Amino acid sequence: MKTILLLCVAVFALAQAGNTDIDWSTVRPLWEIPSWQETHPKLMEIVEARKELPQIQYGPGGRIVGGTYAQPHQFPYQVGLILHLAGGNGFCGGSLLSKNYVMTAAHCLDAAGSAIAILGAHHVFENEPTQQRIFSPGSSFRLYPNWDASLVRNDLATLRMENSAEYIPGLVNSVRLPNFRQIDVDFAGQMSSISGWGRFNDSSNDLSPTLRYVRLPIMTNLACTLRWPGIIQPSNICADGANGGPCNGDSGGPVSVIEADGVTTQVGIVSFGLALGCELNWPSAHARVTSFLEWIDENTDHEIRENW
(Lines give C-alpha, C1' and ligand atoms only; values in the text may rest on other atoms or scores of the structure.)
Protein backbone atom coordinates (compact mmCIF):
# COMPACT_ATOMS: atom_id res chain seq x y z
CA MET A 1 0.00 0.00 0.00
CA LYS A 2 1.35 3.41 -0.95
CA THR A 3 1.27 6.42 1.35
CA ILE A 4 1.67 10.08 0.68
CA LEU A 5 2.63 12.82 3.08
CA LEU A 6 -0.06 15.40 3.68
CA LEU A 7 2.33 17.68 1.86
CA CYS A 8 2.68 21.39 2.20
CA VAL A 9 1.42 23.59 -0.61
CA ALA A 10 3.91 25.79 -2.42
CA VAL A 11 3.41 29.53 -2.35
CA PHE A 12 5.55 31.64 -4.65
CA ALA A 13 6.34 35.35 -4.90
CA LEU A 14 6.75 36.46 -1.30
CA ALA A 15 6.99 40.22 -0.97
CA GLN A 16 10.29 42.03 -0.58
CA ALA A 17 12.49 41.22 2.43
CA GLY A 18 11.26 42.87 5.59
CA ASN A 19 7.64 42.98 4.38
CA THR A 20 5.48 40.18 5.74
CA ASP A 21 2.76 40.64 3.12
CA ILE A 22 2.39 37.44 1.13
CA ASP A 23 1.17 37.01 -2.43
CA TRP A 24 -1.11 33.97 -2.18
CA SER A 25 -2.31 34.21 -5.78
CA THR A 26 0.22 31.75 -7.23
CA VAL A 27 0.04 28.38 -5.50
CA ARG A 28 1.60 25.07 -6.61
CA PRO A 29 2.13 21.70 -4.92
CA LEU A 30 5.31 21.54 -2.87
CA TRP A 31 6.46 18.49 -4.82
CA GLU A 32 6.82 20.71 -7.92
CA ILE A 33 9.69 22.61 -6.26
CA PRO A 34 12.92 21.11 -7.68
CA SER A 35 14.88 21.41 -4.43
CA TRP A 36 12.18 19.45 -2.57
CA GLN A 37 12.16 16.80 -5.29
CA GLU A 38 15.92 16.36 -5.00
CA THR A 39 15.82 15.81 -1.24
CA HIS A 40 12.77 13.49 -1.24
CA PRO A 41 13.28 10.97 -4.08
CA LYS A 42 11.30 8.20 -2.36
CA LEU A 43 8.35 10.48 -1.74
CA MET A 44 8.50 11.68 -5.33
CA GLU A 45 8.04 8.06 -6.43
CA ILE A 46 4.79 8.01 -4.44
CA VAL A 47 3.68 11.31 -5.97
CA GLU A 48 4.34 10.02 -9.48
CA ALA A 49 2.36 6.85 -8.71
CA ARG A 50 -0.60 8.98 -7.64
CA LYS A 51 -0.51 11.03 -10.86
CA GLU A 52 -1.02 7.85 -12.88
CA LEU A 53 -4.19 6.81 -11.03
CA PRO A 54 -7.54 6.90 -12.86
CA GLN A 55 -10.33 9.27 -11.84
CA ILE A 56 -11.58 8.33 -8.37
CA GLN A 57 -15.17 8.26 -7.15
CA TYR A 58 -15.23 9.81 -3.70
CA GLY A 59 -17.31 8.82 -0.73
CA PRO A 60 -19.47 11.14 1.39
CA GLY A 61 -18.53 12.80 4.64
CA GLY A 62 -17.56 16.11 6.23
CA ARG A 63 -13.85 16.87 6.38
CA ILE A 64 -11.21 19.59 6.29
CA VAL A 65 -11.52 18.60 2.63
CA GLY A 66 -14.87 20.40 2.51
CA GLY A 67 -14.96 20.41 6.28
CA THR A 68 -16.32 22.67 8.96
CA TYR A 69 -15.27 26.28 9.28
CA ALA A 70 -13.70 27.01 12.64
CA GLN A 71 -15.00 29.87 14.73
CA PRO A 72 -12.52 32.76 14.72
CA HIS A 73 -9.65 31.79 17.02
CA GLN A 74 -11.32 28.54 18.09
CA PHE A 75 -7.81 27.07 18.04
CA PRO A 76 -5.62 29.85 19.51
CA TYR A 77 -2.56 27.59 19.34
CA GLN A 78 -2.90 27.01 15.57
CA VAL A 79 0.08 28.19 13.51
CA GLY A 80 0.54 28.63 9.77
CA LEU A 81 4.09 28.27 8.46
CA ILE A 82 5.49 29.85 5.32
CA LEU A 83 8.56 27.77 4.45
CA HIS A 84 11.41 29.20 2.38
CA LEU A 85 12.98 26.58 0.09
CA ALA A 86 15.40 26.90 -2.80
CA GLY A 87 13.22 27.52 -5.83
CA GLY A 88 9.98 28.21 -3.99
CA ASN A 89 8.09 28.62 -0.74
CA GLY A 90 5.71 26.23 0.96
CA PHE A 91 2.96 26.12 3.56
CA CYS A 92 2.41 23.84 6.56
CA GLY A 93 0.51 23.89 9.81
CA GLY A 94 1.95 23.89 13.31
CA SER A 95 1.11 24.50 16.95
CA LEU A 96 2.39 27.05 19.42
CA LEU A 97 4.33 25.38 22.24
CA SER A 98 5.39 28.58 24.01
CA LYS A 99 6.11 32.23 23.29
CA ASN A 100 9.29 31.06 21.55
CA TYR A 101 8.65 27.63 19.99
CA VAL A 102 6.43 26.10 17.32
CA MET A 103 5.98 22.35 16.79
CA THR A 104 5.33 20.89 13.33
CA ALA A 105 6.11 17.85 11.14
CA ALA A 106 9.71 17.06 10.21
CA HIS A 107 8.78 16.78 6.52
CA CYS A 108 7.74 20.45 6.66
CA LEU A 109 11.17 21.70 7.76
CA ASP A 110 13.71 19.20 6.46
CA ALA A 111 14.24 21.03 3.13
CA ALA A 112 13.47 24.58 4.27
CA GLY A 113 16.07 27.27 4.92
CA SER A 114 13.88 29.53 7.08
CA ALA A 115 10.23 30.14 7.89
CA ILE A 116 7.62 32.69 8.90
CA ALA A 117 5.25 31.61 11.66
CA ILE A 118 1.74 33.09 11.35
CA LEU A 119 -0.06 33.26 14.70
CA GLY A 120 -3.56 34.50 15.53
CA ALA A 121 -4.87 33.90 12.00
CA HIS A 122 -8.36 32.93 10.87
CA HIS A 123 -8.54 34.16 7.25
CA VAL A 124 -4.89 33.35 6.71
CA PHE A 125 -4.55 35.09 3.32
CA GLU A 126 -5.51 38.41 4.88
CA ASN A 127 -3.11 40.48 6.94
CA GLU A 128 -5.55 40.51 9.86
CA PRO A 129 -4.90 42.85 12.80
CA THR A 130 -4.84 39.79 15.06
CA GLN A 131 -2.03 38.13 13.12
CA GLN A 132 1.56 37.95 14.32
CA ARG A 133 4.06 37.01 11.60
CA ILE A 134 7.43 36.07 13.09
CA PHE A 135 10.57 35.01 11.22
CA SER A 136 12.45 31.84 12.16
CA PRO A 137 15.97 31.13 10.81
CA GLY A 138 16.84 27.65 9.63
CA SER A 139 19.48 27.45 12.36
CA SER A 140 16.61 27.27 14.86
CA PHE A 141 15.02 24.18 13.27
CA ARG A 142 15.28 20.96 15.27
CA LEU A 143 14.24 17.74 13.56
CA TYR A 144 13.71 14.67 15.71
CA PRO A 145 17.00 12.72 15.41
CA ASN A 146 15.36 9.54 14.12
CA TRP A 147 13.19 11.21 11.47
CA ASP A 148 13.10 8.89 8.47
CA ALA A 149 11.65 10.44 5.31
CA SER A 150 11.73 7.19 3.35
CA LEU A 151 9.54 5.41 5.93
CA VAL A 152 7.67 8.50 7.18
CA ARG A 153 8.57 7.72 10.78
CA ASN A 154 9.14 10.07 13.75
CA ASP A 155 7.70 12.99 11.78
CA LEU A 156 8.33 15.71 14.37
CA ALA A 157 10.25 18.99 14.38
CA THR A 158 10.34 22.30 16.23
CA LEU A 159 11.48 25.81 15.39
CA ARG A 160 12.41 28.75 17.58
CA MET A 161 10.98 32.08 16.48
CA GLU A 162 13.34 35.05 16.18
CA ASN A 163 11.05 37.19 18.36
CA SER A 164 8.76 36.04 21.14
CA ALA A 165 5.06 35.75 20.44
CA GLU A 166 2.60 37.89 22.34
CA TYR A 167 -0.04 35.90 24.19
CA ILE A 168 -3.48 37.45 23.69
CA PRO A 169 -6.38 35.88 25.64
CA GLY A 170 -8.78 34.17 23.26
CA LEU A 171 -6.56 34.85 20.23
CA VAL A 172 -3.03 33.52 20.71
CA ASN A 173 -1.94 31.01 23.32
CA SER A 174 0.19 27.88 23.59
CA VAL A 175 -1.27 24.39 23.50
CA ARG A 176 -1.13 21.90 26.35
CA LEU A 177 0.70 18.62 25.76
CA PRO A 178 0.14 15.32 27.61
CA ASN A 179 1.98 14.83 30.89
CA PHE A 180 4.66 12.24 31.59
CA ARG A 181 2.18 9.91 33.30
CA GLN A 182 0.21 9.69 30.05
CA ILE A 183 3.04 8.17 28.01
CA ASP A 184 1.21 4.83 27.77
CA VAL A 185 -2.27 6.32 27.20
CA ASP A 186 -3.48 5.57 23.65
CA PHE A 187 -6.45 8.04 23.69
CA ALA A 188 -8.42 5.50 21.60
CA GLY A 189 -12.11 6.25 21.44
CA GLN A 190 -11.70 9.91 22.30
CA MET A 191 -12.98 12.46 19.80
CA SER A 192 -10.21 14.52 18.26
CA SER A 193 -10.15 17.81 16.38
CA ILE A 194 -7.79 18.26 13.42
CA SER A 195 -7.45 21.81 12.14
CA GLY A 196 -5.69 23.55 9.28
CA TRP A 197 -5.78 25.60 6.08
CA GLY A 198 -5.07 22.60 3.84
CA ARG A 199 -6.73 22.13 0.46
CA PHE A 200 -10.40 21.30 0.63
CA ASN A 201 -10.86 18.86 -2.26
CA ASP A 202 -8.73 16.43 -4.24
CA SER A 203 -9.17 18.30 -7.53
CA SER A 204 -7.60 21.55 -6.30
CA ASN A 205 -4.19 22.54 -4.98
CA ASP A 206 -5.57 25.70 -3.36
CA LEU A 207 -5.28 26.29 0.36
CA SER A 208 -8.44 27.06 2.29
CA PRO A 209 -8.50 30.82 2.96
CA THR A 210 -10.35 30.18 6.23
CA LEU A 211 -9.32 27.82 9.03
CA ARG A 212 -11.25 24.55 8.97
CA TYR A 213 -11.44 21.56 11.28
CA VAL A 214 -12.88 18.08 11.43
CA ARG A 215 -13.80 15.96 14.45
CA LEU A 216 -12.73 12.32 14.25
CA PRO A 217 -12.42 9.50 16.79
CA ILE A 218 -8.94 8.28 17.68
CA MET A 219 -8.43 4.64 16.65
CA THR A 220 -6.42 1.95 18.37
CA ASN A 221 -3.13 1.31 16.62
CA LEU A 222 -4.22 -2.30 16.12
CA ALA A 223 -7.28 -1.20 14.14
CA CYS A 224 -5.19 1.31 12.20
CA THR A 225 -2.61 -1.35 11.33
CA LEU A 226 -5.34 -3.37 9.61
CA ARG A 227 -5.68 -0.49 7.15
CA TRP A 228 -1.95 0.31 7.07
CA PRO A 229 -0.20 -3.09 7.39
CA GLY A 230 3.53 -2.84 8.03
CA ILE A 231 3.47 0.97 8.23
CA ILE A 232 1.94 2.06 11.54
CA GLN A 233 4.40 2.25 14.44
CA PRO A 234 3.86 2.71 18.21
CA SER A 235 4.96 6.33 17.63
CA ASN A 236 1.92 6.91 15.38
CA ILE A 237 -1.59 7.86 16.44
CA CYS A 238 -4.45 7.41 13.97
CA ALA A 239 -7.77 9.15 13.40
CA ASP A 240 -10.70 7.29 11.85
CA GLY A 241 -11.39 8.57 8.34
CA ALA A 242 -15.07 7.65 8.04
CA ASN A 243 -16.07 11.32 8.17
CA GLY A 244 -13.06 12.77 6.35
CA GLY A 245 -9.71 14.07 7.52
CA PRO A 246 -6.76 16.32 6.78
CA CYS A 247 -5.24 16.97 3.36
CA ASN A 248 -2.24 18.59 1.64
CA GLY A 249 -1.29 21.77 3.49
CA ASP A 250 -2.55 20.49 6.86
CA SER A 251 0.79 18.77 7.53
CA GLY A 252 2.35 19.61 10.88
CA GLY A 253 -0.90 20.83 12.35
CA PRO A 254 -2.39 19.74 15.68
CA VAL A 255 -4.51 16.71 16.48
CA SER A 256 -6.13 17.55 19.81
CA VAL A 257 -8.59 16.12 22.33
CA ILE A 258 -10.51 17.66 25.21
CA GLU A 259 -9.59 15.86 28.42
CA ALA A 260 -11.64 15.19 31.54
CA ASP A 261 -10.63 18.54 33.08
CA GLY A 262 -12.05 20.36 30.05
CA VAL A 263 -8.66 21.48 28.72
CA THR A 264 -7.59 20.87 25.12
CA THR A 265 -4.47 18.70 24.79
CA GLN A 266 -2.51 18.05 21.60
CA VAL A 267 -1.92 14.33 21.11
CA GLY A 268 -0.80 14.19 17.46
CA ILE A 269 0.98 16.04 14.65
CA VAL A 270 -0.55 15.67 11.17
CA SER A 271 1.76 13.42 9.13
CA PHE A 272 0.39 11.26 6.27
CA GLY A 273 -2.64 9.79 4.56
CA LEU A 274 -3.66 7.64 1.61
CA ALA A 275 -1.95 8.25 -1.74
CA LEU A 276 -5.22 7.72 -3.63
CA GLY A 277 -6.70 10.94 -2.28
CA CYS A 278 -7.91 12.81 0.80
CA GLU A 279 -11.59 12.15 0.17
CA LEU A 280 -11.58 8.36 0.42
CA ASN A 281 -12.46 8.18 4.14
CA TRP A 282 -9.22 6.34 4.98
CA PRO A 283 -7.59 6.68 8.43
CA SER A 284 -4.97 9.41 8.70
CA ALA A 285 -1.75 8.78 10.60
CA HIS A 286 0.07 11.25 12.82
CA ALA A 287 3.11 11.52 15.03
CA ARG A 288 2.08 10.48 18.57
CA VAL A 289 3.09 13.32 20.90
CA THR A 290 3.48 11.06 23.95
CA SER A 291 6.29 9.19 22.14
CA PHE A 292 8.36 12.38 22.04
CA LEU A 293 7.66 14.10 25.37
CA GLU A 294 11.18 13.75 26.74
CA TRP A 295 12.74 15.14 23.55
CA ILE A 296 10.30 18.08 23.48
CA ASP A 297 11.02 18.77 27.15
CA GLU A 298 14.78 18.84 26.49
CA ASN A 299 14.75 20.75 23.20
CA THR A 300 12.19 23.51 23.83
CA ASP A 301 11.13 25.73 26.72
CA HIS A 302 7.75 23.97 26.90
CA GLU A 303 7.86 22.25 30.28
CA ILE A 304 6.10 18.89 30.21
CA ARG A 305 3.92 18.33 33.27
CA GLU A 306 4.80 15.46 35.61
CA ASN A 307 1.15 14.67 36.30
CA TRP A 308 -2.32 16.22 36.26
Side-chain angles (χ1 to χ4, degrees), residues 70 73-79 81 93-106 108-109 117 119-120 132 134 136 140-147 153-161 164-196 213 215-221 233-239 252-271 285-308:
H73 314 295
Q74 181 177 347
F75 303 97
Y77 48 84
Q78 179 79 46
V79 176
L81 290 173
S95 55
L96 190 63
L97 288 182
S98 71
K99 291 184 176 181
N100 298 306
Y101 283 89
V102 171
M103 182 166 66
T104 187
C108 292
L109 298 186
L119 318 177
Q132 301 174 44
I134 306 175
S136 177
S140 77
F141 296 174
R142 295 288 181 271
L143 275 61
Y144 188 73
N146 293 325
W147 156 238
R153 291 181 182 172
N154 304 312
D155 196 4
L156 164 75
T158 64
L159 60 82
R160 184 182 178 98
M161 295 177 288
S164 296
E166 178 185 356
Y167 283 171
I168 304 174
L171 298 177
V172 177
N173 212 335
S174 56
V175 69
R176 186 172 81 172
L177 300 184
N179 63 60
F180 280 120
R181 293 192 179 185
Q182 292 176 289
I183 286 178
D184 295 324
V185 176
D186 66 4
F187 300 100
Q190 295 195 42
M191 190 64 69
S192 72
S193 293
I194 305 176
S195 50
Y213 76 102
R215 287 180 55 77
L216 303 169
I218 299 295
M219 304 171 66
T220 65
N221 273 29
Q233 303 295 306
S235 58
N236 288 124
I237 187 169
C238 296
V255 181
S256 59
V257 300
I258 298 176
E259 297 200 82
D261 61 359
V263 178
T264 296
T265 299
Q266 182 176 351
V267 298
I269 303 162
V270 176
S271 184
H286 316 284
R288 182 180 290 273
V289 172
T290 52
S291 296
F292 307 100
L293 289 180
E294 185 174 345
W295 186 85
I296 294 168
D297 192 53
E298 293 175 353
N299 288 274
T300 73
D301 60 4
H302 183 106
E303 185 175 350
I304 305 298
R305 299 165 296 135
E306 290 293 337
N307 50 48
W308 291 101

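Side chains included, hydrogens not; waters and symmetry mates left out as well; all remaining heavy atoms used. Every value quoted in this text rests on a predicted model; they were computed, and no experiment measured them.
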Completion exercise
When rounded to the nearest 0.5 Å, the distance separating CG of Leu159 from SG of Cys108 is 10.0 Å
Handout entry: Side-chain heavy atoms of Asp155 within contact of Ile269, under 4.5 Å
Key = no
Practice task
Give the intermediate values and the outcome of side chain to side chain contact (heavy atoms under 4.5 Å, CB included) for residues Thr158 and Trp295.
Solution key: CA-CA 11 Å; Thr158 64; Trp295 186 85; 3.9 Å; yes
Exercise for the section: Examine distances only and state if a side-chain atom of Arg288 and a backbone atom of Gln233 form a donor-acceptor pair shorter than 3.5 Å. Expected result: no
Exercise for the section: Locate the shortest heavy-atom distance separating Ala239 from Ser192; write the atom from each residue and the value. Expected result: CB-OG, 4.4 Å
Practice task
Ignoring hydrogens and angles, tell me if any N or O in the side chain of Thr290 forms a donor-acceptor pair with the backbone of Val267 under 3.5 Å.
Solution key: no
Completion exercise
When every non-hydrogen atom of Thr220 is compared with those of Ala188, the smallest separation belongs to CG2-CB, 3.6 Å
Exercise for the section: Would you tell me whether Ser140 and Tyr101 have side-chain atoms, one donor and one acceptor, within less than 3.5 Å of each other? Expected result: no
Problem - Note, Asn299 side chain near Phe292 side chain (heavy atom, < 4.5 Å) - result: no
Handout entry: Side chain Asn173, main chain Tyr77, donor-acceptor under 3.5 Å
Key = no
Practice task
Side-chain contact test, heavy atoms from C-beta onward, threshold under 4.5 Å: evaluate it for Met161 versus Leu96 and give yes or no.
Solution key: yes
Practice task
Give a yes or no answer on whether the side chain of Asp297 reaches the backbone of Ile304 with a donor-acceptor pair at less than 3.5 Å.
Solution key: yes
Practice task
Ignoring hydrogens and angles, tell me if any N or O in the side chain of Gln132 forms a donor-acceptor pair with the backbone of Glu166 under 3.5 Å.
Solution key: yes
Handout entry: Gln74 side, atom CD; Ser195 side, atom OG - distance, nearest 0.5 Å
Key = 8.5 Å
Exercise for the section: Report yes or no: do Asn146 and Asn154 form a side-chain donor-acceptor pair below 3.5 Å? Expected result: no
Completion exercise
Smallest heavy-atom separation, Ser291 atom then Pro234 atom, equals OG-O, 3.8 Å
Problem - Value rounded to 0.5 Å, distance of OG in Ser174 from CE in Met103 - result: 11.0 Å
Handout entry: Criterion side chain to side chain contact (heavy atoms under 4.5 Å, CB included) on His286 and Ile194, from CA distance to verdict
Key = CA-CA 11 Å; His286 316 284; Ile194 305 176; 3.9 Å; yes
Problem - Neighbour count above 12 (heavy atom, 6.0 Å) for Glu294 CD - result: no
Exercise for the section: Look up atom CZ in Arg153 and atom OG in Ser271, then write down how far apart they are to the nearest 0.5 Å. Expected result: 11.5 Å
Fill in the blank from the handout: Nearest heavy-atom approach of His73 to Pro76 is O-CD, 3.6 Å
Practice task
Look up atom CD1 in Ile134 and atom CG in Leu119, then write down how far apart they are to the nearest 0.5 Å.
Solution key: 5.0 Å
Fill in the blank from the handout: Of all heavy-atom pairs linking Phe187 and Glu259, the shortest is CE2-OE1, 4.1 Å
Practice task
Ignoring hydrogens and angles, state whether a donor on the side chain of Thr265 or Arg176 is under 3.5 Å from an acceptor on the partner side chain.
Solution key: yes
Practice task
Could you grab the distance from atom CD1 of Ile237 to atom CE of Met219, nearest 0.5 Å is fine?
Solution key: 11.5 Å
Practice task
Kindly give the heavy-atom pair with the smallest separation between Ser95 and Val79, and that separation in Å.
Solution key: C-CG2, 3.8 Å
